[in-house]
Amino acid sequence: MTTTLQDSAFVRAARGLPVPHTPVWFMRQAGRSLPEYRKIRAGVGMLESCRRPDLVTEITLQPVRRHGVDAAILFSDIVVPLAAAGVDLDIVAGTGPVVAEPIRTAADVARLGPLEPSDVGYVDEAVRLLVPELGATPLIGFAGAPFTLASYLIEGGPSRTYLKTKAMMYGEPDLWHALCTRLAEITLTFLRVQIGAGVSAVQLFDSWAGALSEADYRRYVLPHSARVLGGLADAGVPRIHFGVGTAVLLKAMGEAGADVVGVDWRTPLAEATTLIGPDKAVQGNLDPAILFAPWEVVAREAKRVLAEGKATPGHVFNLGHGVMPETDPDVLTRLVDLVHTA
């Protein structure tokens with residue numbers, strides 16, 4: 001990472017260092033809320049978009065140009081490394097990832113091949129194109145955490161109950177750990193490719209971990225997330241860990257090995273930091289739905305989040321989950337200005 005990027009407000013905040021202003025970026029900033037994104041994606045499938053370095057570069061740059069955010073996040077999807085490792089899946093518009101043959105048995109797990117760096121050469125190429133384009137703006141790489149990837153593979157797609165996932169977790173723990181061990185290695189390879197190509201930070205999304213109790217998280221999930229985050233300890237970039245509905249898991253997530261823990265909108269940042277620990281920065285955590293309220297409400301709530309962030313070792317302003325597709329992009333631009341000047 002160049003000296004300029006090391007000194008960026010985003011990287012400094014992630015490391016708990018003093019910053020000239022609170023840095024801000026948004027999960028899902030590259031995508032659905034932007035008309036220029038919808039235009040460039042017209043007629044191009046999601047997986048194909050993720051495999052085209054020219055498209056990935058343009059889509060990743062769009063919110064940086066429009067909003068002036070302090071970091072870009074690589075346009076990709078958490079199932080990209082699974083598809084690259086040989087899983088037959090598609091990202092269906094309006095549904096999400098759909099797996100042709102869900103993993104339910106030891107033979108299914110055995111079918112899940114390792115990921116070779118060359119399998120995701122297009123991701124390496126996209127990052128190498130982006131870094132010079134972005135200049136002084138850091139690029140965040142990302143991947144899905146083993147639990148969330150496992151839940152997609154076992155359920156065959158998105159789920160509200162995770163019944164099949166939990167049935168394997170509780171009923172066949174050896175099979176569960178074998179699957180998550182493979183997924184941790186795939187995830188680690190995927191993130192190392194991005195770091196090798198030049199990203200300035202990485203985020204591990206455990207989107208569905210909030211479906212678990214703390215005891216189950218510690219037993220069935222934490223060792224595998226720790227394997228990924230710990231495997232990047234010498235990579236020289238900040239590691240962010242995020243999940244939704246994780247209020248009861250924040251202490252355990254703080255132990256998984258990240259430098260920054262993302263907090264959803266349900267837990268005040270000052271309260272979250274007492275759980276996560278005094279040596280970790282936090283990211284978050286404005287409710288994405290607030291962006292649909294009148295501007296004075298958005299401004300008031302954003303200032304509240306910024307005030308709470310002052311009580312933490314380091315604060316990266318973000319939403320408590322991803323930007324909703326119906327969000328007015330002008331509100332996001334205005335919010336960035338507010339965070340920078342407040």
Side-chain angles (χ1 to χ4, degrees), residues 1-30 60-75 127 130-142 194-195 198-205 232 235-242 258-263 265 269-270 272-273 276 278-286 288 291 298-299 301-323 329 331-342:
M1 211 192 319
T2 66
T3 306
T4 316
L5 292 167
Q6 289 273 17
D7 281 338
S8 65
F10 166 74
V11 173
R12 289 182 64 84
R15 297 195 187 286
L17 299 170
V19 287
H21 61 263
T22 301
V24 51
W25 70 280
F26 304 112
M27 290 180 279
R28 293 208 179 116
Q29 66 186 13
T60 303
L61 289 168
Q62 285 174 350
V64 180
R65 285 192 207 111
R66 185 188 265 260
H67 304 313
V69 283
D70 293 281
I73 184 160
L74 183 71
F75 176 73
V127 173
L130 272 162
V131 171
E133 288 278 345
L134 284 164
T137 303
L139 177 62
I140 304 167
F142 80 93
Q194 295 172 62
I195 292 167
V199 301
S200 296
V202 291
Q203 176 154 316
L204 188 66
F205 282 88
L232 301 173
V237 302
R239 299 154 294 170
I240 310 167
H241 195 20
F242 173 75
D259 306 290
V260 185
V261 176
V263 182
W265 66 93
L269 292 180
T273 212
I276 294 161
D279 57 335
K280 299 195 188 299
V282 297
Q283 180 174 281
N285 70 341
L286 189 70
L291 300 179
V298 178
E301 291 302 305
K303 287 173 181 172
R304 175 186 58 77
V305 171
L306 286 165
E308 288 175 5
K310 287 190 166 65
T312 71
H315 179 213
V316 176
F317 189 98
N318 207 312
L319 302 180
H321 198 193
V323 173
V331 175
L332 288 173
T333 305
R334 208 170 165 189
L335 179 56
V336 171
D337 289 340
L338 183 148
V339 172
H340 283 165
T341 55

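At distances below 3.5 Å, not a single donor-acceptor pair connects side-chain atoms of H241 with backbone N or O atoms of V261. S8 contributes no side-chain N or O that, together with a main-chain N or O of T137, makes up a donor-acceptor pair within less than 3.5 Å.
Distance check, rounded to the nearest 0.5 Å: OG1 of T333 to CZ of R65 gives 13.5 Å. A distance of 4.5 Å separates CG of L130 from OG1 of T60, quoted to the nearest 0.5 Å. Of the inter-residue distances, the one linking T273 atom OG1 with H315 atom NE2 reads 10.0 Å to the nearest 0.5 angstrom.
The side chain to side chain contact (heavy atoms under 4.5 Å, CB included) test with L286 is passed by exactly one of V24, L306, L335: L335. Partner of S200 under the side chain to side chain contact (heavy atoms under 4.5 Å, CB included) criterion, out of V237, I140, V11: V11 alone. Test I73, L291, V323 against F26 for side chain to side chain contact (heavy atoms under 4.5 Å, CB included) and you get one pass: V323. Checking each of E308, R304, Q283 against L269 for a side chain to side chain contact (heavy atoms under 4.5 Å, CB included) leaves exactly one that passes, namely E308.
Side chains of H321 and F242 form a contact here, defined as non-hydrogen atoms less than 4.5 Å apart. The shortest distance between side-chain heavy atoms of F205 and Q203 falls below 4.5 Å. F317 is not listed as a side-chain neighbour of D70, based on a closest heavy-atom distance of 4.5 Å or more. Side-chain contact between H21 and V339 is absent, with no heavy-atom pair separated by less than 4.5 Å. A 4.5 Å side-chain heavy-atom check between K303 and L338 finds at least one atom pair inside the cut-off. Between V199 and L74, the closest side-chain pair of non-hydrogen atoms is not below 4.5 Å. Between W265 and L319, the closest side-chain pair of non-hydrogen atoms is not below 4.5 Å. Inter-residue side-chain proximity for R12 and P18 is flagged as met; some heavy-atom pair is nearer than 4.5 Å.
P238 and A14 make their closest contact through CB-CB, 3.8 Å (heavy atoms, listed as atom of the first residue, atom of the second, distance). Minimum interatomic distance between A13 and P23 (heavy atoms only, all atoms of both residues): CB-CG, 3.5 Å. When all heavy atoms are compared, the tightest approach of P138 to A136 is CD-O, 3.5 Å. Summarising the geometry of I240 relative to A258, their closest heavy-atom pair is C-CB, 4.2 Å, with the distance given to 0.1 Å. In terms of heavy atoms, W25 sits closest to A71 at CB-O, 3.6 Å.
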Report task. Start with the C-alpha distance between L332 and Q29, add both sets of side-chain angles, then the distance that settles side-chain contact (heavy atoms from CB on, under 4.5 Å), and finish with yes or no. Result -> CA-CA 9 Å; L332 288 173; Q29 66 186 13; 6.0 Å; no
